[in-house]
Student: 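Input: one structure, supplied below.
In what follows, every heavy atom counts, from backbone to side chain, and hydrogens, waters and symmetry copies are set aside. All values derive from a computational prediction rather than experimental measurement.
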Amino acid sequence: MKEKTENKAKHSSSAALIWRFLRGSKAMFLVGILSAAVTALADMINPQIIRAAIDNALAGKPADFPPAIMALVERAGGFAYLGEHLELMAMAIVAVAAVRAVCTYLFRVCNTKGAETLVKTARDSLYAHIERLPYAWHMKNRTGDIIQRCTSDIETIKRFISEQLTSIFRIVILLVLSLVFMLGMNPLLTLIAFVPIPFIIGYSLYFHQRIGKSFLECDENEGKLSAMAQENLTGVRVVRAFGRERYEKDRFEAQNSHYTRLWIDLGKIMSTYWSTADLMSGLQVMLVVIFGAVFCIRGRMEPGEYVAFISYNALLVWPIRMLGRMISEMSKAGVSLDRIAYIMDAEEEHDAPGAAEAPMDGDICFEHVSFAYENSPEMLHDITFTMPAGTTLGILGGTGSGKSTMMALLDKLYPIEEGHGRITIGGVDIRSIETAHLRRNIGMVLQEPYLFSRTLAENIAITRPTIDTEEIREATRAACLDETIESFAKGYDTYVGERGVTLSGGQKQRAAIARMLTQKTPIMVFDDSLSAVDTETDAKIRAALQKRFGSASIILISHRITTLAKADKILVLDKGRIVEQGTHDELKSAGGIYQKIYEIQSGVGEEAAV
């Protein structure tokens, strides 16, 4: 999954992807940023009030504030008056603190709303995009890893934007204003205060690459762990049926231990990084305190300036550390953005130019169709046949002969490359038919049907949300499922567990058949979907289909000769080629594969041998 798929709408940068996800939350983040900026300004004002109280109001020394500030002081009665009424300066500090508190509240609220809106937008965009990706893409990517990218990676990006990126303006304001005020008070002490800063930033940049590489490995292994858990939880019945609990537990624990070790290693790197950063920050504070005290003793600095300088230096240490943290978090966010961009850059399934709706009740023709899965040998070789509209086509073949692949091509789940034949319906190449229209008119029941964690009624009506109860009952009667459902305590309101685990194999297949029948499509495909039902039920379902949907084109894929016997035409596949075709009566005595299977299933061969 490391290589990115090329896409005509490929995101040119991480910033473009973030900007797309910020849709709907930009205003919230903007208000939060402005609030953070006002908070930073408030942090800058209070040390100056304290300085003025000590040096100017109490000590009576001349002030060097800007004219606007001096005019405000004069209107309040001057520094001499303020010295006698320090409660006024205390009230000014409280007022500034109150403004800071309000702005901090606004920042937290807006930042939280913006962050959660960002997460919702990102997940909605990802989910909608994944829904439109080709079937082949889903076959190449593990579900657990995709889920991890849509959850953990988005959370990592959210934390970076809401906790680091939105604070950038506050950090810049604190850095710039702290530097200006500190230079105005004592340039030499300011130089001393800034000596460790290049080392802190350089140290952060050094660890940037190491943290990013380690986090990528952690993230990928979290995806493997998620995929492993998802596969085992959905396949729990298979695991228990074969007594593989211990094996799967040991396998999971081994992966979990490896994942844990990776995070411990990353934690060691982060601990080294932060402890060293703390040491450098502590040294910087110590230098300012020591040299500032020396300057005060020697008369090169006023006590009020010293107190204000210490305050500004304390404010300076936080943004410097935040810059370092931002660099480290940027490493993680960059990894997560790349992993999400892999999904967003994957090319969506799209129709050919000029594709349109077309009648779907015509003949189905395969014309010299050949097909190979990616990086695999050719699966289908020169498949050619015609299925007249309204007839029933049977397909027989061994495992891996290409039966299901043919139906996947008919449903455009995989594209047919140019020069490798074509499939037409009513004379129209399916590449020229809108995909959504094509799939709405082809009903498919797979050998392993998927049922959702919903009621039976909801599962059957999933293709038509507005369907009425009587139509659902008609479909279940045709699928020979109505008596079974009525035997359940809750009937159609019976809750089906994940993947239909509460139903038997035959019940799941019949539920899937009923679901497909509610579509009332002109083309119906049963891909070995009667294999789990008994012969009698099989015959009943086929009779009901013939009675209710005699005008539909029906494709039956089966290993059971009795299922195919009434088909108008039967194809026999072997290693991706059509080796026989004809009716049941023609093929049962043709001396080929069909005859051998027929004799084995009917016992004719055994009787002859006796």
Student: Does Met139, at its CE atom, have more than 12 non-hydrogen atoms belonging to other residues, nucleotides or ligands within less than 6.0 Å?
Tutor: yes
Student: Of all the heavy-atom pairs spanning Ser336 and Asp153, show the shortest one and how long it is.
Tutor: OG-OD1, 3.0 Å
Student: Can you sort out the partners of Val335 under side chain to side chain contact (heavy atoms under 4.5 Å, CB included), two or more places apart, ordered by chain and number?
Tutor: Phe215, Leu216, Asp219, Arg339
Student: Do the charged groups of Glu155 and Arg149 touch, with an N to O distance under 4.0 Å?
Tutor: no
Student: Got a sec, which residues hit side chain to side chain contact (heavy atoms under 4.5 Å, CB included) with Leu22, two or more places apart in sequence or on another chain?
Tutor: Ile18, Trp19, Ser25, Lys26, Phe29, Leu118
Student: Are the side chains of Lys224 and Tyr259 in contact, using a 4.5 Å heavy-atom criterion?
Tutor: no
Student: Residues two or more places apart in sequence or in another chain: which of them pass side chain to side chain contact (heavy atoms under 4.5 Å, CB included) with Ile269?
Tutor: Phe207, Arg210, Ile211, Ser214
Student: Any chance you could measure Ile467, atom CD1, to Thr518, atom OG1, to the nearest 0.5 Å?
Tutor: 4.5 Å
Student: Applying side-chain contact (heavy atoms from CB on, under 4.5 Å) to Glu349 and Lys412, what does each step give before you reach the verdict?
Tutor: CA-CA 10 Å; Glu349 194 173 48; Lys412 289 176 72 173; 5.5 Å; no
Student: Applying salt bridge (Lys or Arg N to Asp or Glu O under 4.0 Å) to Glu116 and Lys158, what does each step give before you reach the verdict?
Tutor: CA-CA 8 Å; Glu116 295 308 320; Lys158 182 197 83 170; 3.2 Å; yes
Student: Taking side-chain hydrogen bond (donor to acceptor under 3.5 Å, both in side chains) as the test, write out the residues that go with Lys113, two or more places apart.
Tutor: none
Student: Decide yes or no for Ile462 and Phe452: does some side-chain heavy atom of the first lie under 4.5 Å from some side-chain heavy atom of the second?
Tutor: yes
Student: If you take all heavy atoms of Leu183 and Thr190, which pair is closest and at what distance?
Tutor: N-OG1, 3.3 Å
Student: Is there a donor-acceptor pair closer than 3.5 Å between any side-chain N or O of Asn256 and the backbone N or O of Phe252?
Tutor: no
Student: Taking side-chain hydrogen bond (donor to acceptor under 3.5 Å, both in side chains) as the test, write out the residues that go with Gln519, two or more places apart.
Tutor: none
Student: Looking only at non-hydrogen atoms, find the nearest pair between Asp351 and Glu434 and report the distance.
Tutor: OD2-CA, 3.7 Å
Student: Can you find a pair of side-chain heavy atoms, one from His138 and one from Leu133, that are under 4.5 Å apart?
Tutor: yes
Student: Considering only heavy atoms from C-beta outward, does the side chain of Lys508 approach that of Val496 to under 4.5 Å?
Tutor: no
Student: Does the side chain of Glu222 pick up a donor-acceptor pair with the side chain of Ser152 at under 3.5 Å?
Tutor: yes
Student: Spell out, as yes or no, whether a donor-acceptor pair under 3.5 Å connects the side chain of His437 to the backbone of Thr435.
Tutor: no
Student: Please verify the inter-ring angle class for Phe291 with Phe295; under 30° counts as parallel, over 60° as perpendicular, anything in between as tilted.
Tutor: tilted
Student: Which heavy atom of Glu248 sits nearest a heavy atom of Arg251, and at what distance?
Tutor: OE1-NH1, 3.1 Å
Student: Under 4.5 Å between any side-chain heavy atoms of Phe21 and Val119, yes or no?
Tutor: no
Student: Taking all heavy atoms of Ile460 and all of Ala511, pick out the closest pair and write down the distance.
Tutor: CG1-O, 4.2 Å
Student: Any side-chain heavy-atom pair from Met28 and Thr117 closer than 4.5 angstrom?
Tutor: no
Student: If every non-hydrogen atom of Leu413 is compared with every non-hydrogen atom of Tyr135, which pair is closest and at what distance?
Tutor: O-CB, 3.5 Å
Student: Looking only at the side chains, is there a donor atom on one of Asn186 and Tyr306 sitting less than 3.5 Å from an acceptor on the other?
Tutor: no
Student: Nearest 0.5 Å please: distance from the CZ atom of Arg123 over to the SG atom of Cys150.
Tutor: 8.5 Å
Student: Table please: side-chain donor-acceptor pairs of residues 32-41 below 3.5 Å, with sequence neighbours left out.
Tutor:
residue: Ser35; atom: OG; partner: Val31; partner atom: O; Å: 2.9
residue: Thr39; atom: OG1; partner: Ser35; partner atom: O; Å: 2.9

Student: Tell me every residue that passes side-chain hydrogen bond (donor to acceptor under 3.5 Å, both in side chains) with Arg261, counting only those two or more places apart in sequence or in another chain.
Tutor: none
Student: To the nearest 0.5 Å, what is the distance between CD1 (Ile192) and CD1 (Ile290)?
Tutor: 10.5 Å
Student: Are the side chains of Met89 and Ile93 in contact, using a 4.5 Å heavy-atom criterion?
Tutor: no
Student: Which residues satisfy the salt bridge (Lys or Arg N to Asp or Glu O under 4.0 Å) test with Asp493, sequence neighbours excluded?
Tutor: none
Student: For the atom pair CZ (Arg132) and CD (Glu347), what is the distance rounded to the nearest 0.5 Å?
Tutor: 13.0 Å
Student: Nearest 0.5 angstrom please: Ile130 CD1 to Ile343 CD1, how far?
Tutor: 4.5 Å
Student: Under the salt bridge (Lys or Arg N to Asp or Glu O under 4.0 Å) test, which residues partner Asp265, sequence neighbours left out?
Tutor: none
Student: What I'd like to find out is whether the side chain of Arg142 reaches to under 4.5 Å of the side chain of Ile146, using heavy atoms alone.
Tutor: no
Student: Can you give the donor-acceptor pairs under 3.5 Å from side chains of residues 100-111 to other protein atoms, not counting sequence neighbours?
Tutor:
residue: Arg100; atom: NE; partner: Asp43; partner atom: OD1; Å: 2.5
residue: Thr104; atom: OG1; partner: Arg100; partner atom: O; Å: 2.7
residue: Asn111; atom: OD1; partner: Thr166; partner atom: OG1; Å: 3.4
residue: Asn111; atom: ND2; partner: Ser162; partner atom: O; Å: 2.5

Student: Ala512: what forms a side chain to side chain contact (heavy atoms under 4.5 Å, CB included) with it, not counting sequence neighbours?
Tutor: Val445, Pro449, Arg515
Student: Can a donor-acceptor pair be found, under 3.5 Å and without considering hydrogens, that links the side chain of Thr455 to the backbone of Thr494?
Tutor: no
Student: Holding to side-chain hydrogen bond (donor to acceptor under 3.5 Å, both in side chains), I want the full list of residues that pass it with Arg159, two or more places apart in sequence or in another chain.
Tutor: Thr156
Student: Take a 6.0 Å sphere around NZ of Lys120 and say whether it holds more than 12 heavy atoms from other residues, nucleotides or ligands.
Tutor: no
Student: Rounded to the nearest 0.5 Å, what separation is found between the CG atom of Asp124 and the NE2 atom of His129?
Tutor: 14.5 Å
Student: Give a yes or no on whether the backbone of Val294 and the side-chain of Arg300 come within a donor-acceptor separation of less than 3.5 Å.
Tutor: no
